[in-house]
Trainee: 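My questions all concern the structure below.
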Amino acid sequence: LGRRIKKARARCFGSCLEGNLVITREIPSIQTTFQAIERIDLGDGSFRMSFGFDLGPLKDSIGAIGLINPPLIGRQGNGKLVPITGYRRILAAKALGAERIACRVVEDPDMSPLDSLLTALHENLCVRKFNDVEKGMILDRLSGHLPRTDIIDRYLPLLDLPRHEDTLHFHMRLERELDDDIKNALARGRLSRQVTKALLELDQAARLPLFEFFKKLNFNLNQQIQAIDYIVDISKIERKLIRDLLQEAPIRDMVGANDRINSPQRAKAVLRLLRKRRFPTLVLAEERFKKKLSHLRLPEGARIDPPPHFEAPHYRLEVLFKDGIQLRNTIERLLSQPEALEGLVSPWKEGS
Amino acid sequence: MPRVPLREILIGEGADGHPFTSKLLKSLSGIPVRHEEASRPRGKPDRILFEKETLELLAYKGGFLKPCPGTREYICCGYQILNVGTNCPLNCSYCILQSYFNQPYLRTFVNLEEKLEGVLKAIDGEPDRVFRIGTGEFTDSLALDPIVGWSELLIPQFSRRENAVLELKTKTDRIDRVLRSKHRNRIILSWSLNSPFVSAHEEHGAPSIKRRLEAARRCQSEGFALSFHFDPLLTHQNWREEYLKTIELLDSHVDPKGVIWISMGSFRFMPPLKTIIRKRHPETMVLDGEFILGLDGKMRYFKPIRIELYSFVRRQLEKWHPDLGLYLCMESDEVWEDSMGWSPRDSLGLATFLDQRVVNFFG
């Protein structure tokens, strides 16, 4: 049996990698037996590559028609049973109240840990997409058995990742360094990869308060990126711990202002507060410009916008009009305020 | 032994057996030599692992003379870069080279001598044009000179040309080989300057401003023309007082009449550099300013901050001497007007201004 499995694995994985398809039947031919679920060590994550999943649909499926594909279980030298494939199926069966489950059990000497890991990987690979956390789990486990160059060359592309050392490094750090709460948010798309990278650059004492801050404010992904950038910068500039910064009165009060404003408004207000602190000169210039513009009494249908960050030389005047007469009226109304128009200068030049 | 700490020499593509390689290996005997693997790792290497103690020798296949990569959104000086190598043994926190090149080593191009012929031919082919050429854009012009000795090759060639100048821009005091040259004409020795605070905290491995200016004084006394570059200007605590200290040092070391030009540029960087700087230099203050996305896609200080920086340094420099050939690097017409009191209007205008300085200086 051992030889058959190894041969099968070699052919199976050879086929996946080199495109030389060989269908193997050796693993399915292992006899199915029933095992007590409590004897299977679900806490052993050696070959697990599932994270942040919803068990509901699988439970419904097993509840409706039973288990179609029995999990593959490894029996280790000490007699311990560990899941190789089908971790979620076992969980679902357990959640449905099953005490025993149909499995195929391979004995320890028949399948090396790497064989088991690759079996689990390839079983999953063709039927679903892995999230970033799962990719991290796989790469981290592979790193215990294979040289980094092999992982970069062969397994990053299999996981739809670019062949870069830093991609491997990032995913392994995800698995090793992040708390489950943060991993969950990433796996469920509530945290972007970019923000996760930024969180990884922070120490643990900063990471968790920041993550909690994000959760409370329900930032969208773009807002998360902006917020983390502002917060890290402010903490560096003011030499303050991120944890302490987030506890300061104006931020804390705004985060807790549940009764006055709704969640998106709160998120925007906090971002404005942070931006003003990070870019005081720029925000002051914007405020001055806005004030100046308010003195202009722009006719209906006309608007004036400064260039982004006041960097380009030209401001933009936009006029909506139905016909030439309306256009003339709008322009005349604008020109009737020469002093206000001439006062529209770069905000930092006011009074100079 | 060279004054540049080298851990390894890497023989790259086209360098094996090249006479320059043989000569260099002979002078650097004792340093381990490795031949680059035929198959290089795919994808970009981790740019954070910036290897500054490996010298890679290779034959460069691209053009050796290229215009400075200016952008049309800002006024560019029209400088030409003679590409002798890339990266630098110094470790300035703000260095754009950290994100510029997708390979990590100090690189020197062994085929410079044979390619120089084509460069000189191109220069000679346009006798009415002034070529302002420098080697200090992608590397420090003199940091590796004790090892590679490019100055000995380049100085005589450029010194005898009537329509070109060669500017060797450095933060080091590695001037021995330059001073050994008997040529002076049309060679400009140039130093990057900053405030003493920036120099001490951000320019890791570089000599102090005082040592740079002592080297400049020596070069000036030996008959070389000088130039200086206040780039990147950085806002920091007491930046006015700090930049003033540098200008006072300039005053005490250098005769301003021997200065062909002084440029000023504020810190600007491609957005991905921020992460690299944060990682490589966690204690840096160079990212503390109010940076906005410029019209060229680079981050730069919010406009009034740049104007304030330039105006201040310009006023102080003009107090030192009224005719220093001051100019701004990659700035807008508006910033020129507001900080310098005049504007060349466009890149052609600035190039003309600097070309005229060359003519006035060297004839």
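None of these values were measured; they are calculated from a predicted model. The sequence lines fix the lettering, A, B, ..., with proteins before strands; numbering per chain opens at 1.
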Trainee: Side chain from CB out, backbone as N, CA, C, O: work out which of these in B:Leu287 comes under 4.5 Å of a heavy atom of chain A, or both, or neither.
Mentor: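 The backbone, not the side chain.
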Trainee: Please give me the minimum heavy-atom distance between A:Ile237 and B:Asp288, naming the atom from each residue.
Mentor: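 What the structure gives for the nearest pair is CD1-O, 3.2 Å.
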Trainee: With a 4.5 angstrom heavy-atom cut-off, could you sort out which part of B:Asp333 is near chain A: side chain, backbone, both or neither?
Mentor: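 Nothing of B:Asp333, per the 4.5 Å heavy-atom cut-off to chain A.
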Trainee: Checking salt bridge (charged side-chain N to carboxylate O under 4.0 Å, His left out) between A:Glu201 and each of B:Lys279, B:Arg280, B:Lys274, B:Arg278, which is the one that passes?
Mentor: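 Per the salt bridge (charged side-chain N to carboxylate O under 4.0 Å, His left out) rule, the option paired with A:Glu201 is B:Lys279, out of B:Lys279, B:Arg280, B:Lys274, B:Arg278.
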Trainee: Is it true that atom CD of B:Gln316 has more than 12 heavy atoms of other residues, nucleotides or ligands lying nearer than 6.0 Å?
Mentor: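 Yes, enclosed.
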Trainee: Report which part of A:Thr167 has an atom under 4.5 Å of a heavy atom belonging to chain B: side chain, backbone, both, or neither.
Mentor: neither
Trainee: Please flag which part of A:Ala285 lies under 4.5 Å from any non-hydrogen atom of chain B: side chain, backbone, both or neither.
Mentor: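 Just its side chain gets close to chain B.
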Trainee: Of the backbone (N, CA, C, O) and the side chain (C-beta and beyond), which part of A:Pro280 lies under 4.5 Å from a heavy atom of chain B, both, or neither?
Mentor: both
Trainee: Any idea how B:Phe302 and A:Phe310 line up, ring-wise: parallel (<30°), tilted (30 to 60°), or perpendicular (>60°)?
Mentor: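 Rings of B:Phe302 and A:Phe310: tilted, 30 to 60°.
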Trainee: Please indicate whether A:Arg303 has more than 12 foreign heavy atoms, meaning atoms of other residues, nucleotides or ligands, lying under 6.0 Å from its CZ.
Mentor: no
Trainee: Rounded at 0.5 Å granularity, tell me how far CH2 in A:Trp348 sits from CD in B:Glu308.
Mentor: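 Rounded to the nearest 0.5 Å, the CH2-CD separation comes out at 12.5 Å.
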Trainee: Any ion pair linking A:Lys349 and B:Glu334 (charged N to carboxylate O, less than 4.0 Å)?
Mentor: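 Looking at B:Glu334 and A:Lys349, the cut-off is met.
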Trainee: Could you look at A:Glu311 and say if it's the side chain, the backbone, both or neither that has a heavy atom under 4.5 Å from chain B?
Mentor: both
Trainee: With respect to chain A, which residue among B:Pro304, B:Gly289, B:Pro282 yields the maximal number of heavy-atom pairs within a distance under 4.5 Å?
Mentor: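 Of the options given, most contacts go to B:Pro304.
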Trainee: Working to the nearest 0.5 Å, report the span between CD of B:Glu283 and CZ of A:Arg239.
Mentor: 6.5 Å
Trainee: From B:Glu290 CD over to A:Leu282 CG, what is the distance, rounded to the nearest 0.5 angstrom?
Mentor: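 It comes to 6.5 Å.
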Trainee: Just checking A:Gln204: does its CD atom have more than 12 heavy atoms from other residues, nucleotides or ligands closer to it than 6.0 angstrom?
Mentor: yes
